[in-house]
Amino acid sequence: MIDALEIGDDCLVLSQRLCQWVTRAPTLEEDVALANLALDLLGQARLLLSRAGDEDDLAYLREPAQFRNCLLVEQPNGDFAHTIVRHLLYSDFLFDLYDRHPGDDVAAKGVKEIAYHRDYARLWILRLGLGTDESHRRTTAALEALWPFTGELSQPSPFVLDVLREASLAVPDVAQREGGRRGEHTEHLAPLLAELQVLHRAHPGARW
Amino acid sequence: MIDALEIGDDCLVLSQRLCQWVTRAPTLEEDVALANLALDLLGQARLLLSRAGDEDDLAYLREPAQFRNCLLVEQPNGDFAHTIVRHLLYSDFLFDLYDRHPGDDVAAKGVKEIAYHRDYARLWILRLGLGTDESHRRTTAALEALWPFTGELSQPSPFVLDVLREASLAVPDVAQREGGRRGEHTEHLAPLLAELQVLHRAHPGARW
Amino acid sequence: MVTFQDLIDADERVEPRDDMPEAYRTTLIRQIAQHAHSEIIGMQPEGSWITRAPSLKRKAILLAKVQDEAGHGLYLYGAAETLGVAREELLDALHDGRQRYSSIFNYPTPTWADMGAIGWLVDGAAIVNQVPLCRCSYGPYARAMVRICKEESFHQRQGYELLHTLAHGTPEQKSMAQDAVDRWWWPSLMMFGPPDTESTHSAQSMAWKIKRHSNDDLRQRFVDMCVPQAEILGLTLPDPDLRWNAGRGHYDFGEIDWGEFKRVLAGDGPMNRERMAHRKSAHDEGAWVREAARAYAARSAR
Amino acid sequence: MVTFQDLIDADERVEPRDDMPEAYRTTLIRQIAQHAHSEIIGMQPEGSWITRAPSLKRKAILLAKVQDEAGHGLYLYGAAETLGVAREELLDALHDGRQRYSSIFNYPTPTWADMGAIGWLVDGAAIVNQVPLCRCSYGPYARAMVRICKEESFHQRQGYELLHTLAHGTPEQKSMAQDAVDRWWWPSLMMFGPPDTESTHSAQSMAWKIKRHSNDDLRQRFVDMCVPQAEILGLTLPDPDLRWNAGRGHYDFGEIDWGEFKRVLAGDGPMNRERMAHRKSAHDEGAWVREAARAYAARSAR
């Protein structure tokens with residue numbers, strides 16, 4: 001069984017992070033692509049949260065400690081390398097999860113979308129890892145910053161390890177973090193939710 | 001008469017901007033100093049808003065369009081040069097206003113505080129204007145970005161013009177903006193208020 | 001051999017391989033580039049609300065809309081490239097101010113209702129301007145416009161519907177909607193450009209069948225379309241002179257503040273500096289990424 | 001001539017001009033620097049809540065408190081400088097990991113109630129640790145501590161009062177308060193350092209009268225102080241083994257998870273990376289400002 005709240009929250013929070021890229025991407029193609037990833041995840045979030053209750057009540061009226069998303073997805077966008085590394089790691093986890101639940105509607109439909117996400121991230125990891133000294137350095141820093149959050153997802157998979165090897169990027173040797181599934185979040189979640197919820201909360205009971 | 005809502009909102013919004021610097025200043029001395037400016041302004045905001053109603057209701061429960069602050073104070077912190085230029089321009093306006101209202105309690109007490117603010121900003125403008133090529137360039141950019149917002153305050157005063165001359169900084173030649181006093185704000189105010197209000201609004205009616 | 005003028009006279013499409021006058025080419029580049037720039041700058045006033053949309057459904061709609069605008073930018077830069085100019089050159093011209101984007105995007109979006117007013121009025125005006133461009137003489141531009149107009153009319157309906165919901169919501173929502181319409185109405189009318197008596201490029205563009213109708217004709221068409229829609233919304237258009245003229249068979253409307261139009265066009269609109277600063281900073285921050293992609297492509301090509 | 005040992009034996013203050021053993025000097029530098037670093041890193045967990053404080057009064061209190069912490073950092077770096085080491089060197093040592101700050105600041109502050117728990121428990125533990133330092137043998141450090149302890153006890157009362165308000169507020173507020181106490185209790189007990197049986201530097205520091213009490217004694221004093229305060233708050237301390245021991249005249253308490261203590265100390269706490277990354281990025285972003293100030297000072301000196 002896919003946990004509707006955990007994965008729904010993952011998709012919602014990661015989608016919100018990607019929305020923060022809109023109009024700020026390095027190329028117009030990436031503006032389109034990142035919005036596309038955000039849309040896919042928002043769609044999956046809505047389907048999953050609707051299983052757990054009313055999608056808007058869940059998205060807009062819970063406190064940070066009531067969110068069940070993993071810590072990885074709430075990490076800030078940082079530079080493009082951070083966003084791509086985060087997406088590689090998360091889409092790899094989600095692809096695997098969906099792939100193991102072919103009987104689940106959301107997973108069955110979502111697995112194709114997420115396969116694209118994972119390939120998109122893979123291609124950029126190669127470009128960044130093998131591109132310039134600066135892109136290699138930034139991607140290494142992103143990996144070190146985000147790797148601690150893979151433990152909560154029982155990652156990384158052989159796919160990720162292959163991508164890193166192909167991109168000449170070292171697997172970081174850092175301790176793991178967890179707590180998101182229990183509502184113990186990093187300090188980055190509350191400001192993200194503040195922005196997400198502000199308008200909805202300012203007009204209690206209004207229809208939109 | 002000092003308009004309690006206009007100037008109270010100015011002080012509140014500028015204080016909130018300065019709070020965003022805490023732990024991020026270029027030196028520990030500046031961390032102390034910027035927090036000090038923020039505290040002075042917050043104190044004045046509280047006194048002024050309390051004249052217009054309940055300070056917390058006014059700060060936490062109004063929509064952006066109901067705020068009467070000038071556009072200058074809601075402009076983002078940018079780099080340190082932006083923050084200093086903004087503070088020079090605003091403290092110059094406020095000093096003048098307070099100075100012309102010696103019979104007003106808040107003005108009478110605040111004028112000494114704001115005189116310090118203006119001197120603090122002046123000294124940094126000199127350091128930045130005359131320091132390095134980079135600091136000169138950044139300060140010039142900050143002046144050009146923020147100058148459009150001085151018209152709403154009927155500035156600049158001879159004091160500001162003298163400081164700029166002394167610091168070898170040119171007076172920008174750009175058109176003026178206004179609208180804040182009518183509630184017509186730039187896009188920067190709403191996110192600032194979202195952060196300021198999020199917790200208070202999440203617990204309607206709670207005491208803190 | 002079929003000449004350029006034969007194609008124009010026969011109302012046929014000019015294609016990239018065809019000979020064309022240099023002035024036709026540069027006029028088209030200028031117009032298509034300005035249009036492309038408007039799409040990407042036009043993402044900003046709406047983009048800032050995606051993260052704050054008040055329901056997940058509205059968030060998805062707005063996100064998809066802004067994504068479409070980026071897509072329109074891609075089609076249009078592509079159409080301009082068929083005229084022998086690279087996207088990088090056009091972006092440089094935008095960034096250093098040699099080329100423009102539509103002035104309408106220099107107005108701010110302080111409230112959520114602006115998402116509705118932009119959809120209804122700004123996209124509405126864009127459609128009235130752009131539908132005739134689907135029959136424009138230059139093939140790649142005309143085909144891009146067909147696709148764009150289809151998507152824009154979808155956006156316009158969504159904006160109208162958003163505004164309708166607000167106008168029939170709480171008193172705060174209704175007043176938010178009215179305020180947005182008050183702020184966007186006049187700038188929307190300015191989107192059709194200066195009055196025919198002062199329009200500079202129009203005659204030649206008409207002769208080349210790039211442009212098909214005059215600025216004032218299109219503006220009138222837009223006003224006539226909006227008045228009954230505003231009635232259904234239950235919102236007031238902020239023009240005391242707006243009334244039906246049975247003799248003309250059109251709505252009369254008040255004087256447009258062309259002084260404001262010129263000020264905003266000259267760079268002194270409420271958001272000109274912010275829009276350009278945002279655009280340039282995104283471009284600059286992405287430089288290392290584009291460089292990495294180029295280096296990787298070169299390496300892979302070896 | 002009065003020797004270093006005479007001063008220590010007479011319980012007098014060692015001053016910067018006095019001769020002192022090199023090991024005394026380096027021990028003090030290490031301890032004062034760690035204390036100074038803790039003040040400035042300690043601004044971060046609270047700093048992120050200033051902009052979101054739920055009332056203007058609380059915002060002013062929290063802002064003033066965080067400002068005091070920056071001020072404490074200044075006193076302490078100043079005290080360290082009397083031992084012949086520049087603040088820049090100490091900051092470099094912090095940034096490259098050669099010097100530490102208190103592990104307690106590697107825990108996150110997810111809710112507003114954390115502002116209360118930090119004030120009550122973290123500042124409370126700091127005071128128990130620091131009050132004896134007001135009688136420390138090194139004069140400048142002792143004097144800085146007098147000032148700091150006075151301000152900290154003020155902060156502690158404010159934190160306690162904040163928590164008291166939450167604990168007597170809405171059910172959500174009360175549960176927020178309990179949750180914060182649950183998270184901060186054990187890490188606060190760890191602030192006194194490893195058990196006496198494993199503490200390395202203690203004996204020498206006691207002999208030099210830098211340290212006056214053992215880690216375990218101070219920890220017991222803290223527990224004895226907190227238990228009755230928790231009762232007044234109406235909050236539970238998360239330790240089932242906590243009970244009065246009439247024989248000892250102290251509260252017994254459960255086993256501390258020293259494995260967690262070591263992990264966090266070694267860099268694997270919840271926020272170690274974020275705290276250092278934040279600190280370093282602020283320092284790096286301020287480099288051009290410090291450089292401008294230096295250039296201006298040099299110019300003015302000419």
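This is a predicted model, so every value here is computed, not measured. In what follows, chains are A, B, ... by sequence order, proteins preceding strands, each numbered from 1.
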**Request:** Report, as yes or no, whether the 6.0 Å neighbourhood of atom CG on D:Asp241 holds more than 12 heavy atoms from other residues, nucleotides or ligands.
**Result:** yes
**Complete:** Checking heavy-atom separations under 4.5 Å from chain A, one finds in residues 168-191 of chain D none
**Asked** Are the side chain of D:Arg263 and the backbone of A:Ala175 linked by a donor-acceptor contact shorter than 3.5 Å?
**Response** no
**Complete:** Listed by number, the residues in residues 280-292 of chain D that come under 4.5 Å of chain A (heavy atom to heavy atom) are none
**Asked** Does anything in residues 176-197 of chain A get under 4.5 Å of chain D by heavy atoms, and if so which residues?
**Response** A:Arg177, A:His185, A:Thr186, A:Glu187, A:His188, A:Ala190, A:Pro191
**Fill in**
Counting heavy-atom pairs under 4.5 Å with chain A, the top scorer among D:Ser48, D:Pro110, D:Pro108, D:Pro270 is D:Pro270
**Asked** CG of D:Asp96: more than 12 outside heavy atoms within 6.0 angstrom?
**Response** yes
**Item:** More than 12 heavy atoms of other groups within 6.0 Å of A:Phe159 CZ
**Value:** yes
**Message:** Report, in residue-number order, which members of residues 70-98 of chain A are under 4.5 Å from chain D by heavy-atom distance.
**Reply:** A:Gln75
**Prompt:** Just wondering, more than 12 heavy atoms not from A:Arg207 lying within 6.0 Å of its CZ?
**Reply:** no
**Asked** Considering residues, nucleotides and ligands other than D:Glu88, do more than 12 of their heavy atoms fall under 6.0 Å from its CD?
**Response** yes
**Asked** Run the side chain to side chain contact (heavy atoms under 4.5 Å, CB included) check on A:Glu63 and D:Thr111 step by step: do they pass?
**Response** CA-CA 9 Å; A:Glu63 297 292 299; D:Thr111 79; over 6 Å; no
